[in-house]
Amino acid sequence: MKKNNLITPEGTKDFLFEECLARRQMEDKLHRLFQSKGYCELMTPGLEFFDVFQCPSGHYPQELLYKMTDSKGRLLVLRPESTMPIARVAATRLRSASLPLRLYYNQSAYRFEPALKGRSDELTQTGIELLGSASYLADVEMVTTAIEALRACSGGSVSFSLELGDAGVFKELMRELQASPEERENIRYLIETKNYPALNDVLDTMGDVKVASALKKLPALFGGEEVFEKASQLYSNQRMDEILMDLRKLYQDISGVIGEGRLTVDLGMVNNADYYTGVIIKGYLEGYGEEVLSGGRYNKLLSDYGYDIPATGFAVNVDAVASVFLKNNAVSVQAPDAVIFAAPGHEMKAVEVSKQLRDQGEIVEFAFFDSIDLVREYAREKQIGKVVVVDDEITEVE
């Protein structure tokens with residue numbers, strides 16, 4: 001007996017008319033923005049080998065991946081994100097291309113999300129990857145483009161904000177702490193979720209008291225420019241000082257671009273994609289409880305695929321920004337301009353008439369009714385402004 005033939009799997013949904021229209025509008029805005037900056041579209045397969053997402057710079061835990069096998073018994077996964085597949089493409093088919101490479105994508109990602117979190121296992125992402133430059137200007141381009149993306153998606157009706165961080169802060173502290181990979185991942189997760197009691201319990205067992213103390217306070221290091229002073233007093237060595245100095249400069253430069261009250265710094269920002277090596281960003285829209293944009297610099301990831309070049313990028317959760325847009329803007333599917341009623345024997349003539357009207361830019365439907373009265377009733381219900389009758393003549397009726 002069928003039990004699941006009328007429902008969708010957990011973590012997925014059907015998108016209906018206005019939802020599809022809002023998503024397409026958001027995608028179009030982002031595509032125009034990316035194209036205006038010289039980015040070219042790229043698509044990767046929805047199916048990838050499991051190995052693509054298991055590399056030294058960062059890997060996805062198996063429990064988060066939708067897995068299957070091919071006809072040869074090789075392990076495949078549904079693409080959980082786009083950066084790592086694009087790194088694979090850059091290291092193979094685009095290896096001889098001139099640098100920097102500016103790429104953008106619009107495709108779905110699939111991954112198991114925690115139950116009761118309200119997140120989707122399937123989401124559409126539109127994003128960019130800038131490959132081949134480690135310059136400060138490349139970071140500026142990425143952050144300012146993220147601001148423009150948030151502004152475009154806000155539609156002018158909701159507020160947006162951006163968080164800046166640097167993955168190097170956490171990585172440098174963990175390097176000093178000399179934790180095992182398992183301990184490192186646990187600490188990262190507790191910082192990400194700002195679980196202070198559990199974080200303190202774990203770090204109390206660590207040997208380096210000074211570094212452990214800094215890690216305990218890392219989740220609280222967010223706010224304005226004062227955060228940099230607090231961080232420098234908390235822990236200092238040459239590498240950490242360089243990270244904070246560079247991030248402070250970026251913060252100051254971006255503050256003059258984004259507008260008052262929209263920019264914060266969060267040194268406790270860590271990402272479950274462990275391949276980030278430098279600046280990381282998260283973007284928010286008012287009315288949505290989680291980030292709608294995330295990304296950053298990942299200078300080591302491509303070397304795992306045999307192509308040692310720096311890179312940076314970000315992705316926008318199209319489903320999230322579309323849902324915010326729908327809450328704050330009237331979105332409706334455009335009604336047809338005309339409906340054509342074809343008398344028996346005049347069907348092909350009606351096809352020609354409909355083509356002429358469509359060539360003029362009109363949206364045209366055929367009426368599948370036996371009487372003109374039913375056609376008129378249908379047109380009123382669908383708010384179609386014009387009824388065209390095609391028989392020996394072509395007439396427009398009220």
Side-chain angles (χ1 to χ4, degrees), residues 8 12-46 103-108 122-128 148-149 151-157 316 318-398:
T8 65
T12 68
K13 64 171 289 186
D14 299 311
F15 289 90
L16 301 183
F17 318 117
E18 286 80 8
E19 293 174 307
C20 291
L21 185 59
R23 290 169 84 243
R24 190 67 65 211
Q25 289 178 1
M26 294 299 100
E27 290 171 346
D28 290 344
K29 287 182 179 182
L30 292 168
H31 293 176
R32 288 195 297 270
L33 170 63
F34 300 155
Q35 290 166 1
S36 74
K37 292 173 175 279
Y39 288 80
C40 297
E41 187 172 12
L42 173 149
M43 296 176 65
T44 64
L103 309 172
Y104 83 87
Y105 57 88
N106 187 86
Q107 51 195 30
S108 296
E122 178 185 22
L123 68 154
T124 300
Q125 293 180 321
T126 293
I128 56 175
E148 292 177 66
R151 185 172 284 120
C153 292
S154 73
S157 58
V316 177
V318 175
D319 301 333
V321 298
S323 69
V324 173
F325 188 79
L326 274 172
K327 289 178 185 177
N328 295 278
N329 297 272
V331 176
S332 58
V333 178
Q334 184 177 348
D337 299 296
V339 58
I340 295 180
F341 174 71
H346 294 80
E347 290 84 2
M348 298 315 296
K349 184 177 179 181
V351 170
E352 182 60 31
V353 171
S354 71
K355 181 179 183 303
Q356 293 171 3
L357 292 174
R358 292 189 185 107
D359 288 343
Q360 297 171 18
E362 295 190 22
I363 300 174
V364 182
E365 286 186 2
F366 289 121
F368 306 122
F369 299 97
D370 295 330
S371 73
I372 189 62
D373 290 336
L374 290 176
V375 177
R376 285 171 170 163
E377 182 181 341
Y378 173 78
R380 285 193 296 270
E381 181 182 333
K382 297 269 289 193
Q383 297 182 322
I384 301 173
K386 182 164 59 178
V387 176
V388 179
V389 177
V390 178
D391 47 24
D392 292 334
E393 299 181 356
I394 301 169
T395 56
E396 183 176 334
V397 299
E398 296 294 332

Could you tell me which non-hydrogen atom of L357 sits nearest to which non-hydrogen atom of A338, and how far apart they are?
-> CD1-CB, 4.5 Å

Which distance, rounded to the nearest 0.5 Å, do you find between the OH of Y104 and the CG of L33?
-> 10.5 Å

Non-neighbouring partners of F369 that pass ring pair (Phe, Tyr, Trp, His ring centres under 6.0 Å), sequence neighbours left out | Y378

Main-chain N/O of T44 paired with Q107 side-chain donor or acceptor, under 3.5 Å = yes

The reported gap from CZ in F341 to OG in S371 (rounded to nearest 0.5 angstrom) is 7.0 Å

Looking at side-chain heavy atoms only, is the closest gap between F366 and V351 below 4.5 Å?
-> yes

Closest heavy-atom pair and its distance - A22, L326 | CB-CG, 3.7 Å

Are any of the side-chain heavy atoms of T126 and F34 separated by less than 4.5 Å?
-> yes

Atom pair CD (Q383) and CD (E381), whose distance is rounded to the nearest 0.5 Å | 10.0 Å

Among all residues two or more places apart in sequence or in another chain, which pass the side chain to side chain donor-acceptor pair (under 3.5 Å) test with Y105?
-> none

Among all residues two or more places apart in sequence or in another chain, which pass the salt bridge (charged side-chain N to carboxylate O under 4.0 Å, His left out) test with K349?
-> none

Name all pairs fulfilling the salt bridge (charged side-chain N to carboxylate O under 4.0 Å, His left out) condition that reach into residues 24-38, sequence neighbours left out, sorted by first residue then second.
-> R24-E27, K37-E148

Write out all pairs satisfying side-chain hydrogen bond (donor to acceptor under 3.5 Å, both in side chains) with one or both partners inside residues 319-328, taking only residues at least two apart or from two chains.
-> R23-D319

Please report the closest heavy-atom contact between V390 and H346, naming both atoms and the distance.
-> O-CB, 3.7 Å

Listed partners of S157 passing side chain to side chain donor-acceptor pair (under 3.5 Å), at least two apart = N329

Distance col, row H31:NE2 vs M26:CE, nearest 0.5 angstrom, shows 11.5 Å

Could you list all the side-chain hydrogen bond (donor to acceptor under 3.5 Å, both in side chains) pairs where at least one residue sits in residues 12-21, not counting sequence neighbours?
-> T8-T12, K13-E19

Closest contact, heavy atoms only, S332 versus L21 | O-CD2, 3.3 Å

Got a sec, which pairs hit side-chain hydrogen bond (donor to acceptor under 3.5 Å, both in side chains) with one end in residues 336-345, sequence neighbours left out?
-> none

S354 OG to D359 CG distance, which is reported to the nearest 0.5 Å | 9.0 Å

For E347, what residues pass the side chain to side chain donor-acceptor pair (under 3.5 Å) criterion, not counting sequence neighbours?
-> none

Salt bridge (charged side-chain N to carboxylate O under 4.0 Å, His left out) with D370: which residues, sequence neighbours excluded?
-> none

Residues two or more places apart in sequence or in another chain: which of them pass salt bridge (charged side-chain N to carboxylate O under 4.0 Å, His left out) with E352?
-> none

Taken to the nearest 0.5 Å, the spacing of Q25 CD from F325 CZ works out to 5.0 Å

For A379, all residues meeting side-chain contact (heavy atoms from CB on, under 4.5 Å), sequence neighbours excluded = V339, I384, V387

